[in-house]
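Below is one structure, written out as structure tokens; comments come after it.
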Amino acid sequence: MTNRSPLWEDAKALPADPLESHRVRAIAYYLPQFHTIPENDDWWGAGFTEWRSVTKALPRFAGHYQPRLPADLGFYDLSDVETIRKQADLAARGGIYGFCIHDYWFGGDRLLETPLELILANRDIPLRFCLNWANENWTRTWDGLDQQVLKAQAHSSEDDLAYAAHLLRCFADPRYIRVDGRPLVMLYRPGILPDGKATVARWRDFIRAAGEADPYVIMPQARGDNDPGTYGMDAVAGFPPHKISGHLENISAELAVYDPAFIGAVHDYAEAARTEEAMREPGMKLFPGVCLGWDNDARRPGRGVTFAGATPQLYGDWLHSAGTHALGLGSRDEAMVFINAWNEWGEGTYLEPDLHFGHAFLAETRRVIDALNAGTRRAAGNGASTTAALRSSRRKLFNRVRRKVLGMIAPKP
């Protein structure tokens with residue numbers, strides 16, 4: 001998997017110039033966990049970043065795409081503003097409208113804030129952004145021990161207003177993403193707040209009183225929360241694998257497993273895409289979400305969840321479907337799709353170039369957005385030549401690999 005795939009594409013597959021207009025706005029979730037902070041040094045050891053999890057990953061079964069290693073941008077450091085400039089350039093050429101940055105706020109304490117601060121301090125970087133308040137406890141999720149709390153939240157009405165003031169500072173940036181003039185903000189887990197609806201109402205009152213437009217508040221479909229109306233929000237955004245993974249068949253028993261202790265779940269990527277499409281609820285203001293082959297085994301060795309069989313073509317089909325849905329949602333600004341993610345390397349879903357596919361997924365994104373802009377089907381890239389074995393159910397491919405591997409390792413008489 002560190003060799004080039006037949007579907008690999010280089011940077012020349014990306015147009016040199018960004019889009020001038022976006023009929024559908026593709027917003028990619030952005031993880032700031034790629035620079036050192038004192039807290040991570042204390043919790044994980046000196047020098048920890050997300051890259052440490054990424055580089056220790058191993059394949060658990062035949063055909064398992066691990067390890068996943070970066071190409072052009074390398075093992076970057078997000079405390080370097082030049083890295084963010086390169087990300088912004090790649091994203092724009094790939095048709096990405098902007099980033100939804102995960103924002104870690106704990107009663108005024110902030111973690112991993114450096115990339116956001118660099119963006120705010122360098123307005124010459126052509127990067128649109130909005131914030132997602134990741135309002136849950138900081139736990140040992142990085143190694144799968146979710147119950148061990150490292151930094152706890154202490155939600156209160158006072159903290160609601162303090163965070164609203166933090167939002168106002170970010171809203172003042174002209175690159176902040178808006179919907180019909182209203183600043184877009186996501187609240188990750190409203191259900192764990194003392195009163196999520198009251199929090200949203202406090203934000204609205206505080207922000208309007210400061211002279212800013214009423215915020216356009218959304219939440220992701222995650223942790224069993226699906227209805228934004230419960231919290232007085234404007235809409236909901238897709239965030240796969242959340243919501244859909246529990247509805248997918250686990251095909252791990254059919255695979256040639258290398259690790260006898262493996263207890264993870266493996267799902268067909270094509271089935272994941274079809275399931276998300278089928279679960280879009282009519283009548284709900286849902287900005288659909290797509291992902292790029294989820295696999296968090298790097299964070300949860302031997303017990304992760306994998307969407308196997310992702311190709312640029314299958315991803316492009318899913319993104320095109322999501323974009324077509326978004327065009328019927330309401331105003332022009334409400335034609336949005338959320339992509340998980342720009343750089344979730346530890347969870348196997350990222351648009352940044354890697355050694356195996358190169359720029360293929362990002363180039364496919366641009367082709368889809370160009371086609372949606374033009375109201376046509378997308379132009380063909382390498383992904384259009386994907387074989388039937390890759391485009392149909394991956395189970396057939398896995399079964400062939402399984403039979404071959406089992407035959408190779410069968411004991412001699």
Side-chain angles (χ1 to χ4, degrees), residues 27 29 31 100 102-106 131-142 144-149 152-155 160 163 184-201 203 216-250 263-269 271-291 294-296 299-300 303-307 318 322 325 329 336-341 344 346-349:
I27 299 174
Y29 294 108
L31 179 71
C100 181
H102 299 316
D103 193 27
Y104 301 97
W105 165 284
F106 300 83
L131 297 186
N132 168 34
W133 179 24
N135 64 307
E136 59 186 357
N137 292 334
W138 192 278
T139 68
R140 294 186 70 91
T141 298
W142 309 107
L145 301 176
D146 294 353
Q147 303 308 312
Q148 185 174 343
V149 176
Q153 291 281 358
H155 297 121
D160 290 345
Y163 190 73
L184 176 66
V185 60
M186 177 178 284
L187 173 55
Y188 180 49
R189 295 189 64 183
I192 65 173
L193 296 170
D195 186 340
K197 189 170 186 178
T199 291
V200 172
W203 284 2
Y216 195 101
V217 185
I218 64 175
M219 68 180 197
Q221 287 186 316
R223 309 286 185 173
D225 255 340
N226 296 307
D227 184 1
T230 303
Y231 305 104
M233 295 184 179
D234 297 280
V236 65
F239 197 12
H242 288 290
K243 187 178 181 180
I244 65 172
S245 61
H247 299 272
L248 304 176
E249 182 181 359
N250 183 359
I263 57 171
V266 182
H267 308 298
D268 186 315
Y269 179 83
E271 183 189 359
R274 291 192 298 267
T275 299
E276 186 279 327
E277 293 168 353
M279 294 182 72
R280 295 172 193 161
E281 298 177 37
M284 178 179 289
K285 187 64 67 69
L286 164 65
F287 307 126
V290 303
C291 64
W294 176 272
D295 182 357
N296 63 353
R299 289 186 178 177
R300 301 169 181 267
R303 56 191 187 278
V305 174
T306 302
F307 287 4
W318 190 359
H325 177 90
L329 287 177
M336 294 186 290
V337 172
F338 282 77
I339 300 175
N340 192 20
E344 282 281 7
E347 295 182 332
T349 182

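Small disclaimer: the values here were computed from a predicted structure and weren't measured.
Side chain of Asn296 to main chain of Val305: a donor-acceptor pair is present (N/O by atom type, distance under 3.5 Å, no hydrogens or angles). Between the side chain of Asp234 and the main chain of Val217, a donor-acceptor pair closer than 3.5 Å is present. A side-chain donor-acceptor contact under 3.5 Å links Asn137 to the backbone of Gln153. Between the side chain of Trp133 and the backbone N or O of Trp105 there is at least one donor-acceptor pair closer than 3.5 Å. Distance alone, capped at 3.5 Å, is enough to place a donor-acceptor pair between the Asn250 side chain and the Val266 backbone.
With a 4.5 Å cut-off on side-chain heavy atoms, Leu286 and Glu281 do not count as touching.
By the side chain to side chain contact (heavy atoms under 4.5 Å, CB included) test, His325 is found to be paired with Arg280, Pro288, Leu329, residues two or more places apart in sequence or in another chain being considered. Checked against side chain to side chain contact (heavy atoms under 4.5 Å, CB included), Asp160 has the following partners two or more places apart in sequence or in another chain: Thr199, Arg202, Trp203. Shown here are the side chain to side chain contact (heavy atoms under 4.5 Å, CB included) partners of Ile192, two or more places apart in sequence or in another chain: Asn135, Glu136, His155, Arg189.
Taking the six-membered ring where tryptophan is involved, the planes of His242 and Tyr188 are perpendicular, since the angle between them exceeds 60° and thus also 30°.
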Ile244/Phe307 under side-chain contact (heavy atoms from CB on, under 4.5 Å): CA gap, chis, key distance, verdict: CA-CA 11 Å; Ile244 65 172; Phe307 287 4; 4.1 Å; yes
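Between Ala341 and Thr349 the shortest heavy-atom distance is N-OG1, 3.4 Å.
The distance between the ring centers of Phe338 and Phe239 does not fall below 6.0 angstrom.
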